[in-house]
2 protein chains.
Amino acid sequence: MDLFLTYQMITKSAKYAIKAVIYLALKTDDQNRILVRDMHTEVSVSESYLAKLLQDLSRHGVISSAKGRGGGFYLSKENRRRTLMDVVKVIEGEDAVNACVLGISSCDTDNPCVMHHLLGPSKMAFNKALEATTLASLVDGIPEKHPIFPL
Amino acid sequence: MDLFLTYQMITKSAKYAIKAVIYLALKTDDQNRILVRDMHTEVSVSESYLAKLLQDLSRHGVISSAKGRGGGFYLSKENRRRTLMDVVKVIEGEDAVNACVLGISSCDTDNPCVMHHLLGPSKMAFNKALEATTLASLVDGIPEKHPIFPL
DNA sequence: TCCTTTGTATGATTTTTATCATGTTTTAGG
DNA sequence: CCTAAAACATGATAAAAATCATACAAAGGA
């Protein structure tokens, strides 16, 4: 029973994806993969739903995966250069990020709506933060021993 | 067909409410009321759904209403001192506003999650903007003749 | 007082999002 | 090869949000 369903900056799915990506950044690399089965509880989501999200991220090259025995999900060196924005875009869709705060299709920088100057900057700040945060930097200050999961 | 359903700062309902409140600020006062019937197209939402939202706002004192013949919805002098945050809280619920970006229930200022320092500030900026904007100030610079609706 | 006009309250329906389940494909080891 | 272990793909179900519809209550005018 989640009390915080609305007023979301991002959807629940994207939140799961971000948590998962933090987990992968912390625990995996090309040699050390992990199974959905072994991480879903840490992300506080069901195995099959996390699988779906990870497949989506993998298909778009944000994370890596290997099929078959010994396979699993992991973050490669290249993956670590991707940003949180990449994660959000895969899950929420490309255009969602640029949408007007009021959902007005005709609103853009040239033809701003009444709220544009008001809420635009903070939305932009949010986007900038997502863009500036590489997956690598997510876990920079976190010593592997320090337990931050489950999230 | 709305392309911008996710990655929302606020829900569609709150967006309708904000648009409606801008409309009321622009067109009404204690003497001049307006019917849902006469404003729903300007807000780009159905009559009955807008009615529900306005009733919600009215019940919480954010806007005013009068029943019966000659009635309608309007913004009183006092209403105009309310803020966008009041509108959002009525529609989204009180606690939604303070929720963690990752939806972690144990996350707060004392015990911040990994994303807190990263996205917290821009969320806070967003909240501050909502709080700082009175309904009166929403239409400050807008001459009544200048058509900004439908939104 | 009665009738029309309005908002109010409540519940049903639809659409979207989230979740679950089941089968398919690929890979590595024996 | 064959088999088991893994991701992948797809569709079914459940939950939540958005939308619609219908009956009720209050207010004002004739």
Side-chain angles (χ1 to χ4, degrees), chain A residues 1-8 10-17 19-20 24 28 31-41 43-75 88 90-93 96 103, chain B residues 1-8 10-17 19-20 24 28 32-41 43-74 88 90-93 96 103:
Chain A
M1 186 111 71
D2 197 333
L3 279 174
F4 313 121
L5 292 176
T6 55
Y7 191 70
Q8 52 205 8
I10 50 180
T11 61
K12 288 173 78 175
S13 295
K15 291 177 186 180
Y16 294 146
K19 291 180 190 180
L24 292 177
T28 71
Q31 275 70 47
N32 299 91
R33 299 154 181 177
I34 193 167
L35 309 183
V36 189
R37 189 201 310 144
D38 294 331
M39 69 179 289
H40 74 95
T41 50
V43 179
S44 306
V45 65
S46 76
E47 183 175 342
S48 49
Y49 194 54
L50 179 58
K52 175 175 274 190
L53 295 173
L54 292 182
Q55 282 159 26
D56 224 7
L57 291 172
S58 175
R59 185 157 6 99
H60 287 85
V62 178
I63 68 176
S64 301
S65 66
K67 277 187 181 178
R69 183 174 293 200
F73 292 97
Y74 62 100
L75 282 196
V88 172
V90 166
I91 304 296
E92 313 277 20
Chain B
M1 186 111 71
D2 196 334
L3 280 174
F4 314 121
L5 292 176
T6 54
Y7 191 71
Q8 52 205 6
I10 50 181
T11 61
K12 288 173 78 174
S13 296
K15 290 177 186 181
Y16 295 145
K19 291 179 189 180
L24 292 176
T28 73
N32 298 92
R33 299 156 181 177
I34 193 167
L35 309 184
V36 189
R37 189 201 313 145
D38 294 331
M39 68 179 291
H40 73 94
T41 50
V43 179
S44 307
V45 65
S46 76
E47 183 175 342
S48 51
Y49 195 54
L50 180 58
K52 176 176 274 190
L53 295 173
L54 291 182
Q55 283 160 25
D56 225 7
L57 291 172
S58 176
R59 185 155 8 96
H60 287 84
V62 178
I63 69 176
S64 301
S65 66
K67 278 185 181 179
R69 182 172 292 203
F73 291 97
Y74 63 100
V88 172
V90 166
I91 304 296
E92 313 277 21

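If you're wondering where the values come from, they're calculated on a predicted model, not measured in any experiment. Note: hydrogens, waters and symmetry copies are ignored here, and every other heavy atom, side chains too, is used. In what follows, chains are A, B, ... by sequence order, proteins preceding strands, each numbered from 1.
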K.L.:
In whole Å, what is the span from the CG atom of B/L53 to the P atom of D/dT19?
P.N.:
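Taking CG of B/L53 and P of D/dT19, I get 9 Å after rounding.
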K.L.:
For nucleotides 1-3 of chain C, tabulate all protein N/O to nucleotide N/O atom pairs closer than 3.5 Å, reporting atom names and distance.
P.N.:
none

K.L.:
What verdict does the side chain to side chain contact (heavy atoms under 4.5 Å, CB included) test give for A/D56 and A/V62, after you've listed the backbone C-alpha separation in whole Å, the side-chain angles of each residue and the deciding distance to 0.1 Å?
P.N.:
CA-CA 9 Å; A/D56 224 7; A/V62 178; over 6 Å; no
K.L.:
Quick one: which protein N/O atoms are closer than 3.5 Å to N/O atoms of nucleotides 20-24 of chain D? Pair and distance per line, please.
P.N.:
unit_1	atom_1	unit_2	atom_2	d
D/dC20	OP2	B/S46	OG	2.7
D/dC20	N4	B/K52	NZ	3.3

K.L.:
Taking side-chain hydrogen bond (donor to acceptor under 3.5 Å, both in side chains) as the test, write out the residues that go with B/S64, two or more places apart.
P.N.:
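Partners of B/S64 under the side-chain hydrogen bond (donor to acceptor under 3.5 Å, both in side chains) test: B/N79.
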K.L.:
Mind checking the NE2-CD1 spacing from A/H60 to A/I91? Nearest 0.5 Å is all I need.
P.N.:
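Spacing of NE2 (A/H60) from CD1 (A/I91) equals 9.0 Å.
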K.L.:
Which nucleotide in the list D/dA18, D/dA7, C/dA18 gets nearest to the side chain of A/S13?
P.N.:
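Of all the options, the side chain of A/S13 is nearest to C/dA18.
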K.L.:
Test of understanding: with side-chain hydrogen bond (donor to acceptor under 3.5 Å, both in side chains), list the residues that count as partners of A/R69, not counting sequence neighbours.
P.N.:
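A/R69 satisfies side-chain hydrogen bond (donor to acceptor under 3.5 Å, both in side chains) with no residue once adjacent residues are dropped.
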K.L.:
Whole angstrom is fine here: how far is it from CG in B/D38 over to C1' in C/dT5?
P.N.:
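In whole Å, C/dT5 C1' and B/D38 CG are 13 Å from each other.
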K.L.:
Can you sort out the partners of A/Y74 under side-chain hydrogen bond (donor to acceptor under 3.5 Å, both in side chains), two or more places apart, ordered by chain and number?
P.N.:
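Applying side-chain hydrogen bond (donor to acceptor under 3.5 Å, both in side chains) to A/Y74 gives none.
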K.L.:
Of all of residues 56-68 of chain B, which get a heavy atom below 4.0 angstrom from DNA chain D, listed by number?
P.N.:
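Heavy-atom cutoff 4.0 Å gives B/K67, B/G68.
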K.L.:
Without decimals, in angstroms, what is the distance between B/L50 CG and C/dT8 P?
P.N.:
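Rounded to the whole Å, the gap is 12 Å.
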K.L.:
Round to a whole Å and report the spacing from CG of A/L35 to P of C/dT26.
P.N.:
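After rounding, the gap between these two atoms is 20 Å.
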K.L.:
Once you round it to whole Å, what is the distance between P of C/dG7 and CZ of B/R37?
P.N.:
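In whole Å, C/dG7 P and B/R37 CZ are 8 Å from each other.
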K.L.:
A/L54 near the nucleic acid: base, sugar-phosphate alone, or nothing, with a heavy-atom cut-off under 4.0 Å?
P.N.:
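Contact class for A/L54: none.
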K.L.:
State the CG-CG distance between A/N32 and A/L24, to the nearest 0.5 angstrom.
P.N.:
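Atom-to-atom, A/N32:CG and A/L24:CG are 12.0 Å apart.
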K.L.:
From C-beta outward on A/K12, which listed nucleotide comes closest to its side chain: C/dT6, C/dA18, D/dA9?
P.N.:
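Comparing C/dT6, C/dA18, D/dA9 against the side chain of A/K12, the answer is C/dA18.
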K.L.:
Output the distance between atom CZ (A/R59) and atom CG (A/L54), rounded to the nearest 0.5 Å.
P.N.:
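Output value for this atom pair is 11.5 Å.
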K.L.:
Find which nucleotide of DNA chain C each of A/G70 and B/A51 is nearest to by heavy atoms, and output the residue with the more 5' nucleotide.
P.N.:
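Going by which nucleotide is closer to the 5' end, it is B/A51.
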K.L.:
Got a donor-acceptor contact below 3.5 angstrom from the A/H40 side chain to the A/S46 backbone?
P.N.:
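No, A/H40 side chain to A/S46 backbone: no donor-acceptor pair under 3.5 Å.
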K.L.:
To the nearest 0.5 Å, what is the distance between NZ on B/K15 and CG on B/L53?
P.N.:
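Output value for this atom pair is 13.5 Å.
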K.L.:
CD1 of B/I91 versus P of D/dA16: gap in Å, rounded?
P.N.:
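Checked: the CD1 to P distance equals 20 Å.
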K.L.:
How many whole angstroms separate atom OH of A/Y16 from atom C1' of C/dT17?
P.N.:
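For the pair A/Y16 OH and C/dT17 C1', the rounded distance is 11 Å.
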K.L.:
Nearest 0.5 angstrom please: B/R37 CZ to B/L50 CG, how far?
P.N.:
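The CZ atom of B/R37 sits 13.0 Å away from the CG atom of B/L50.
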K.L.:
Minimum heavy-atom separation for A/V36 to A/F73, with atom names?
P.N.:
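That closest heavy-atom pairing would be CG2-CE1, 3.3 Å.
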K.L.:
Once you round it to whole Å, what is the distance between P of D/dT19 and CD of B/Q55?
P.N.:
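My rounded result for the distance is 16 Å.
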K.L.:
Measure the spacing between CD of A/E92 and OG1 of A/T11 and express it to the nearest 0.5 Å.
P.N.:
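Rounded to the nearest 0.5 Å, the CD-OG1 separation comes to 3.5 Å.
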